[in-house]
There are 2 protein chains.
Amino acid sequence: MNDPGPGLRTVHTLRALTVELDLLAASFAQRHGLHPTDLRALIALLDAAREGTPATPGRLGRELGLNSAGTTAVLDRLERLGHVHRSRDPHDRRRVLLAVTERAVALGQGFFGPLIGEAAALVDGLSATERATVEGFLASVREIVARHANGDGGPDGNRDGNGGAEQDAEAE
Amino acid sequence: MNDPGPGLRTVHTLRALTVELDLLAASFAQRHGLHPTDLRALIALLDAAREGTPATPGRLGRELGLNSAGTTAVLDRLERLGHVHRSRDPHDRRRVLLAVTERAVALGQGFFGPLIGEAAALVDGLSATERATVEGFLASVREIVARHANGDGGPDGNRDGNGGAEQDAEAE
DNA sequence: CATATTATCTCGCCCAGCGAGAAGATTGCC
DNA sequence: GGCAATCTTCTCGCTGGGCGAGATAATATG
């Protein structure tokens, strides 16, 4: 039971890291008048912008696990703060296109930029072999997590309007 | 922008991993009638129990970034669900000692046990050199995160009774 | 013994997110 | 073309997690 093998300590460190990253993000969000969800939304939108993926409320809500009402509220907040701009899609006028503003980009870069930059520099300072080891480790852990996510907790448990929870897996 | 240097990709993978772990935890929590905060509290309490650290509401609240009212609410929920038991500390009767129940231990082990076990096995499958590389990487990233936390967003920005948001850092 | 400090809890409020459903746009079928 | 089904987003009302303020009880400090 309490037999910490050599690997356990590493896993514990990884877990601690994720917790610390979470806390950092939360404190950053608070500092800028954002809620954790707002920050997650902003990150998702910045990612989409960088990748050239068109961003819409529906897509974003699905990504964040929010229903449409909650998604609208998030976007209202972000728009009021000047981080996001809504505009109708000319090709399908039911849709709303979401664009991040300069301000949002600056916000994201200003904070996560240095953090990511330092981490990237750290990785770049490793030898090719070491880098491969780290990447392999991260990829393997992701794979483990993905397997457990599929088996134990479906990522899309409930959605808007449609009760997807007809099986509520009552754990007593 | 779209020029991922060698290190950037690794950092991106790490970020994706943290997001996925977060989603997994959230879906697991929902599945057991817990809120994300409740699960975080439970994990913290299980950790404390495993380490032999005495757990109290104050300590827990500080760890979770909640004020005392919120902490009380979390504990009320966990106690109602039978995961935690409160008892007064005989040595300092202001304090409340928190004990996790068998049920909570089973809950945590049943879900995170296999996950952590697989990850630990993964690490154990590495050579000593590789393991050192991974551990060094994680430790370095933690150090970077810690530095940014201190410089940009103090981990104890606001606490009970003291409004930590006296400066709302209006960007621009 | 009086006072300050510590630890926890109670009360009232705010607002994030949910469910339900409305409104506008598109697609398909006749 | 016209009408219905579908899709996307938004509005409304509500629940409840978390905060601020303060109460209460116990321990330190003079």
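The chains referred to below are lettered A, B, ... by the order of the sequence lines, with proteins before strands, and numbering in each begins at 1. The basis for the numbers below is simple: all heavy atoms, side chains too, and nothing from hydrogens, waters or symmetry mates.
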Donor-acceptor list for residues 104-119 of chain B side chains, cut-off 3.5 Å, not counting sequence neighbours:
| unit_1 | atom_1 | unit_2 | atom_2 | d |
| --- | --- | --- | --- | --- |
| B:Glu118 | OE1 | A:Arg147 | NH2 | 2.5 |
| B:Glu118 | OE2 | A:His148 | NE2 | 2.8 |

Ion pair check, B:Glu135 and A:Arg9, cut-off under 4.0 Å: yes

Whole-Å gap separating C1' (C:dT26) and NE2 (A:His91): 15 Å

B:Thr71 vs C:dT8: side-chain N/O to OP1/OP2 distance below 4.0 Å: no

Spacing between B:Arg93 atom CZ and C:dT5 atom P, to the nearest angstrom: 23 Å

C:dA7 phosphate, OP1 or OP2, under 4.0 Å from B:Arg95 side-chain N/O: yes

First encountered from the 5' end of DNA chain D, between A:Arg59 and B:Asp92: A:Arg59

B:Asp38 CG to D:dG18 P, straight-line distance once rounded to whole Å: 7 Å

Atom pair CZ/OG1 of B:Arg15 and B:Thr10 - distance to nearest 0.5 Å: 13.5 Å

Distance test, side-chain N/O of B:Arg77 to OP1/OP2 of D:dG18, below 4.0 Å: yes

Spacing of B:Leu34 atom CG relative to D:dG16 atom P, expressed in whole Å: 15 Å

For atom CG of A:Leu75 and atom C1' of D:dT8, their distance in whole Å: 13 Å

Among C:dG17, C:dT8, D:dC10, the one nearest A:Val74 by side-chain distance: C:dG17

Heavy-atom neighbours of A:Arg59 CZ exceed 12 at 6.0 Å: no

Out of C:dC18, D:dT9, C:dC11, whichever nucleotide has its closest atom nearest the side chain of A:Leu66: C:dC18

Side-chain N,O (A:Thr37) to OP1/OP2 (C:dG17) below 4.0 Å: yes

Minimum-distance nucleotide to B:His35 side chain [options: D:dG17, D:dT9, D:dA21]: D:dG17

Protein-nucleotide distance (A:Asp76, atom CG; D:dT9, atom P), rounded to Å: 13 Å

C:dC18 phosphate, OP1 or OP2, under 4.0 Å from A:Asn67 side-chain N/O: yes

Of A:Arg94 and A:Thr72, the one whose closest DNA chain D nucleotide lies more 5': A:Arg94

Nearest-angstrom distance from the residue atom CZ of B:Arg88 to P of C:dA7: 12 Å

Main-chain N/O of A:Asp76 paired to A:Glu79 side chain as donor or acceptor, under 3.5 Å: no

Nearest-angstrom distance from the residue atom CG of B:Leu60 to C1' of C:dC9: 15 Å

